[in-house]
Amino acid sequence: MGRDTISEIITSIRNADMDKKETVRITSTKMTENIVKILLKEGFLENVRKHRENNKHFLVSTLPHKRTRTGKGTHKTILKRISRPGLRIYSNYSRIPRILGGMGIAILSTSRGIMTDREARLQKIGGEPLCYIL
């Protein structure tokens, strides 16, 4: 049985955000690098750098520090995996959902690479929605 690297990214970022950690360590593949670039561009991550340890490559990401977070349960980032290896979901460009009326983003795997829902609607291509970020 193979590893689901996308759900590992989502889980590690979600757990680090709930524990209010500043950095996240993610295994580096082409897919994870593209997803991290989108998260960096959209502002869900502050900084990303590549790290090599024992011939294994990792991405070390810095989460944005929110000073307004006090107390338990006030984390802002909600990540949800949609299409997974056990149940693949595909959508046409006209059926790509708008997350919170456009406030959140959906990351899609399309024939032209990994992109956000806004980019896929502009280019009028559908694909496999990997995850939603609120």
Side-chain angles (χ1 to χ4, degrees):
M1 186 160 179
R3 293 176 27 183
D4 188 13
T5 57
I6 299 168
S7 62
E8 287 178 7
I9 293 170
I10 292 169
T11 303
S12 61
I13 291 173
R14 186 185 316 124
N15 289 342
D17 188 45
M18 286 193 299
D19 288 343
K20 298 179 184 175
K21 292 187 178 180
E22 293 182 7
T23 59
V24 178
R25 188 172 165 182
I26 301 167
T27 57
S28 178
T29 62
K30 288 182 183 180
M31 176 86 72
T32 58
E33 286 180 11
N34 291 332
I35 292 173
V36 166
K37 283 179 188 177
I38 290 174
L39 292 174
L40 184 65
K41 184 174 72 173
E42 293 291 329
F44 292 102
L45 296 175
E46 268 188 9
N47 189 8
V48 178
R49 67 178 195 271
K50 240 182 177 177
H51 183 67
R52 183 177 168 187
E53 186 175 297
N54 296 333
N55 288 335
K56 293 186 180 181
H57 295 278
F58 296 99
L59 296 172
V60 179
S61 305
T62 306
L63 295 173
H65 182 65
K66 297 179 177 110
R67 295 181 184 196
T68 59
R69 290 195 283 178
T70 57
K72 295 181 181 176
T74 57
H75 62 305
K76 304 288 185 193
T77 306
I78 299 172
L79 295 137
K80 186 176 179 184
R81 177 84 156 119
I82 303 303
S83 183
R84 56 187 197 268
L87 178 64
R88 298 285 185 190
I89 298 172
Y90 299 98
S91 63
N92 192 352
Y93 79 92
S94 61
R95 294 187 183 201
I96 297 172
R98 295 186 189 274
I99 311 301
L100 287 177
M103 292 179 63
I105 63 168
I107 297 178
L108 292 132
S109 175
T110 65
S111 59
R112 296 185 188 158
I114 296 179
M115 59 180 66
T116 62
D117 56 342
R118 291 180 220 124
E119 294 170 348
R121 274 192 215 96
L122 287 175
Q123 295 182 13
K124 294 189 176 183
I125 54 174
E128 179 184 2
L130 300 175
C131 61
Y132 296 155
I133 303 168
L134 309 172

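The chain is numbered in sequence order, starting from 1.
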Within one Ile-Leu-Val-Met-Phe-Trp-Tyr cluster: I125 and I38, side-chain cutoff 4.5 Å: no

Less than 4.5 Å apart, side chain to side chain, heavy atoms only: is that true for M18 and N15? yes

Provide the closest heavy-atom pair for S28 versus K50 in the form atom of the first, atom of the second, distance. OG-CE, 3.6 Å

Please report the interatomic distance CD1(I107) to CG(N34), rounded to the nearest 0.5 Å. 10.0 Å

Do Y132 and L79 come close enough that some side-chain heavy atom pair is under 4.5 Å? no

Electrostatic pair R112-E119, nearest N-O below 4.0 angstrom: no

Extract all donor-acceptor atom pairs below 3.5 Å that involve side chains of residues 52-63 and protein atoms in other chains or at least two apart in sequence.
unit_1, atom_1, unit_2, atom_2, d
R52, NH2, N55, OD1, 2.5
E53, OE2, R25, NH2, 3.4

Heavy atoms of D117 and L108 approach each other most closely as CA-CD1, 3.5 Å

Atom pairs and distances, donor-acceptor, side-chain atoms in residues 82-100, under 3.5 Å, two or more places apart:
unit_1, atom_1, unit_2, atom_2, d
S83, OG, I89, N, 3.0
S83, OG, E128, OE2, 2.6
R88, NH1, E128, OE2, 2.9

Could you report the tightest heavy-atom contact between S12 and I26, atom names first, then the distance? OG-CG1, 4.2 Å

Quick check: is I13 connected to I6 through a chain of hydrophobic side chains (ILVMFWY, heavy atoms under 4.5 Å apart)? yes

Side chains of T116 and E42, donor plus acceptor under 3.5 Å: no

List the steps and the verdict of side chain to side chain contact (heavy atoms under 4.5 Å, CB included) for Q123 and T110. CA-CA 11 Å; Q123 295 182 13; T110 65; over 6 Å; no

Starting at OG1 of T23, measure out to CG of L45 and round the result to the nearest 0.5 Å. 11.5 Å

Do L134 and M103 make a side-chain contact, defined as non-hydrogen atoms from C-beta onward lying under 4.5 Å apart? no

Nearest-0.5 Å distance that lies between atom CD1 in I10 and atom CZ in R81: 6.0 Å

